Protein chains: 2
Amino acid sequence: MADTSSRRPRRRAKQPTIAEVAREAGVSAITVSRVLNTPESVRETTRRRVEAAIETVGYVPNRLAGSLASAQSRFIAVIVPSLSNIVFTEVIQGLQATFEARGYQILLGNTDYDLQREDQLVGTFLGWSPAALVITGLRHSEVCGRRLRQWEGPIVEIMELGTAIDLNVGLDHLKAGRCMAGHLRERGYRRVVYVGAQMARDYRARLRYEGHCEVLAAAGLEAPLLDMDQLGQFETGARALDQVLATHPETEAIHFANDDLATGALLHANRLGIAVPQRIAIAGFNGLAIGQHVTPRLTSIASPRELIGRRAAQAVLARLDGEATVDGPLDVGFTLMAGEST
Amino acid sequence: MADTSSRRPRRRAKQPTIAEVAREAGVSAITVSRVLNTPESVRETTRRRVEAAIETVGYVPNRLAGSLASAQSRFIAVIVPSLSNIVFTEVIQGLQATFEARGYQILLGNTDYDLQREDQLVGTFLGWSPAALVITGLRHSEVCGRRLRQWEGPIVEIMELGTAIDLNVGLDHLKAGRCMAGHLRERGYRRVVYVGAQMARDYRARLRYEGHCEVLAAAGLEAPLLDMDQLGQFETGARALDQVLATHPETEAIHFANDDLATGALLHANRLGIAVPQRIAIAGFNGLAIGQHVTPRLTSIASPRELIGRRAAQAVLARLDGEATVDGPLDVGFTLMAGEST
DNA sequence: CGGTTCAATGTTAGCGCTAACATCCATTGT
DNA sequence: ACAATGGATGTTAGCGCTAACATTGAACCG
């Protein structure tokens, strides 16, 4: 019978391995590993010899093997609900910049605002033993919550504040909703409609609406809601304006759930020759750049999106470095930007 | 002395492993592996037993180990030059949607238009044995090009067309530049300035400018260039308009390198009461949504960004599935969108 | 009814790396 | 002079999984 000790030629003549480098440099594999991971623990002359060997054989470390052996990987799983919303891409940018500077890579997942999808992604990602997990929002499916709590690595829940599994960086959406409604009240608007898009899935917009309602209720005013089913884009904002003017012509101001909607409405008003804010005032949320370039400038609440990304990354890095971390949620705040649209 | 065969308690009492599942189900590890990877090769009853066991022990497969053993991973390295540009986030969205549906994850890298950074990222990413690599552009550092050519996996170079290392999906920027310049010529504009932002690093904008020059030269016209040093954002476009009006007041039209600049300029013109296109015409590139909502609507060239992502992903998947792939570059084309701004 | 075939499952040996411990040897202290 | 020390390097045994081959047993065949 075939000699069972000489069966399989498994290696796929690919990249050189650490063993090749070791042979070339006349040292053992572990020394090469040390040169790569803890260079200060190797003597200068040896290190140089190994570095030269790495160069000559063209060695690229296999990080899968390294991570498996050390049970530590250098990537960060990031889960966002949407990539079509610029808000999240800005957060990702903040994460990216901070993590990449420290040699961590980002593994990106998109839930499309679907908690089931989120659960699935968390499962997949945890299988990669990421160094940390960044996830949007505080609400997860039950299974997912359990899975997350079981996991030992750092988890940051971003965008909003509340009772988090581990770290938490965000802003208070309820307060933001109150803030904008308060601003509109100050300006004397009484008939204010709140317009959102697909609010069933965007519960942070619902939180802002709640804040909005509180303020109006306190003033004895109604707080009608228009929830569009399309995505929260310019076009939807324009249609929402039409709809509000048609069905609630007495409306004095519209509080939009985000700046895309608000900008769409404002530009549409420009097109139709409707005076903003005289005929109708318009306010948004997020403080996107475009709002400062339209006429009149859009009143909005600036959310520090990139900052959220950076702070979240910093919190994770501090944890990974074993530093003491902030206890409790980190509030990045928000700023009311009063433009001429209200 | 200590018995050397009983040294180390290496395992970090973490997640259950495939062995636990196997024990629970009363099968061998490989059977569990098969249930996970090639379920059709396992008998129905066995499969169900294993699935139940997976459920009870709460098993999450360790993909590092799996990938190491099989020399195949389920992620795709994606390298873009910028995340602040919505163009790339839309491409990423297309990639994401297509890859995630097939169970691949995206590992994201950002070069900030720095070829050295690109080289570094490629090095890191290849160490993760990705299933494929998606990289922006055809121009790489020499070292990087060599590294890429050596690698055996599928590589797609996206955004532009030309001589690629492997797969190629994009559009012809030279032609796009010609197309817009041709449009402006047709409308009768003779004094046209091309305005870009940081064109030293954005060579695709330079290609469009080249196309622009060709057309103007053919008509015996000059093609002055204004290259702003700021990022290509609204604000920069507004400043560029001021600058053009101040230094080249005779200018009849501005061909902007992208829609952010063009929109910034157009909104600025609105603010200043400058008639577009009567006093000055404005054209952009990319066909962003905002351009269709400003007044007058922005003339632009729509680049199918999400489509680039999807096509790139499809090409990779076809290759990974061993299907015959398209030979040569895949041109996704572009569309001139004539608005009222020209 | 022994032999062939084939589907289902098992055994074994790595994938390429690093943790943990072992060894070696030049210093240092007494 | 010799033990104790400690920095540099080596040896060994996995990390958790899957490729490759082996085995089993039921179905099938002439």
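Quick caveat: nothing in here was measured; it's all calculated off a predicted structure. Below, read A as the first sequence line, B as the second, and so on, with proteins coming before strands; counting in each chain starts at 1.
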Legend entry - Residue pair B:E118 / B:T136: nearest heavy atoms and the distance that separates them: OE1-O, 4.2 Å

Inset, instruction - Would you jot down, in residue-number order, the residues of residues 42-61 of chain B having a non-hydrogen atom under 4.0 Å from DNA chain C? - result: B:V42, B:R43, B:T46

Inset, instruction - Take the angle between the ring planes of A:F75 and B:F75 and call it parallel below 30°, perpendicular above 60°, tilted in between. - result: perpendicular

Inset, instruction - With salt bridge (Lys or Arg N to Asp or Glu O under 4.0 Å) as the test, would you mind laying out the steps for A:D166 and A:R319 before giving the verdict? - result: CA-CA 11 Å; A:D166 185 9; A:R319 170 70 64 81; 3.0 Å; yes

Inset, instruction - Write out all pairs satisfying side chain to side chain donor-acceptor pair (under 3.5 Å) with one or both partners inside residues 106-116 of chain A, taking only residues at least two apart or from two chains. - result: none

Legend entry - Strand-adjacent residues in residues 27-35 of chain A, judged by heavy atoms under 4.0 Å from DNA chain D: A:V27, A:S28, A:I30, A:T31, A:R34

Legend entry - Rounded interatomic separation in angstrom, taking CZ from B:R23 and P from D:dG16: 12 Å

Inset, instruction - Quickly work out the B:R63 CZ to D:dC15 P distance and round it to whole Å. - result: 20 Å

Inset, instruction - Enter the distance from A:R305:CZ to A:N85:CG here, rounded to the nearest 0.5 Å. - result: 9.0 Å

Inset, instruction - Considering just the side-chain nitrogens and oxygens of A:N62, establish if one lies under 4.0 Å of OP1 or OP2 belonging to C:dC15. - result: no

Inset, instruction - Kindly compute the distance separating CD1 (B:I308) from CD (B:E160), expressed to the nearest 0.5 Å. - result: 10.5 Å

Inset, instruction - To the nearest 0.5 Å, tell me how far B:R23 CZ sits from B:S28 OG. - result: 13.0 Å

Legend entry - Reported CD1-to-CD1 distance for the pair B:I155 and B:I165, which is rounded to 0.5 angstrom: 5.0 Å

Legend entry - Axis bend over the full length of the helix from C:dC1-D:dG30 to C:dT30-D:dA1, computed from five pairs that close each end, to 10 degrees: 40°

Legend entry - Rounded distance in Å - CD (A:Q72) to P (D:dG16): 14 Å

Legend entry - Value rounded to 0.5 Å, distance of CD in B:Q314 from CG in B:L95: 10.5 Å

Legend entry - Listed once per pair and sorted, the salt bridge (Lys or Arg N to Asp or Glu O under 4.0 Å) pairs that draw on residues 128-144 of chain A, sequence neighbours left out: A:E142-A:R146

Inset, instruction - To the nearest Å, give me how far apart CD (A:E20) and C1' (C:dC17) are. - result: 13 Å

Inset, instruction - Calculate the interatomic distance between A:L68 atom CG and C:dT18 atom C1'; express it in whole Å. - result: 10 Å

Inset, instruction - Report the distance from atom CG of A:L126 to atom C1' of D:dG16, rounded to the nearest whole Å. - result: 16 Å

Legend entry - Residues forming a ring pair (Phe, Tyr, Trp, His ring centres under 6.0 Å) with B:F99, sequence neighbours excluded: none

Legend entry - Proximity to the side chain of A:S70 - top-ranked nucleotide from C:dA19, C:dG16, D:dT18: C:dA19

Legend entry - Whole angstrom value for the distance that separates P of C:dT12 from CD1 of B:I18: 17 Å

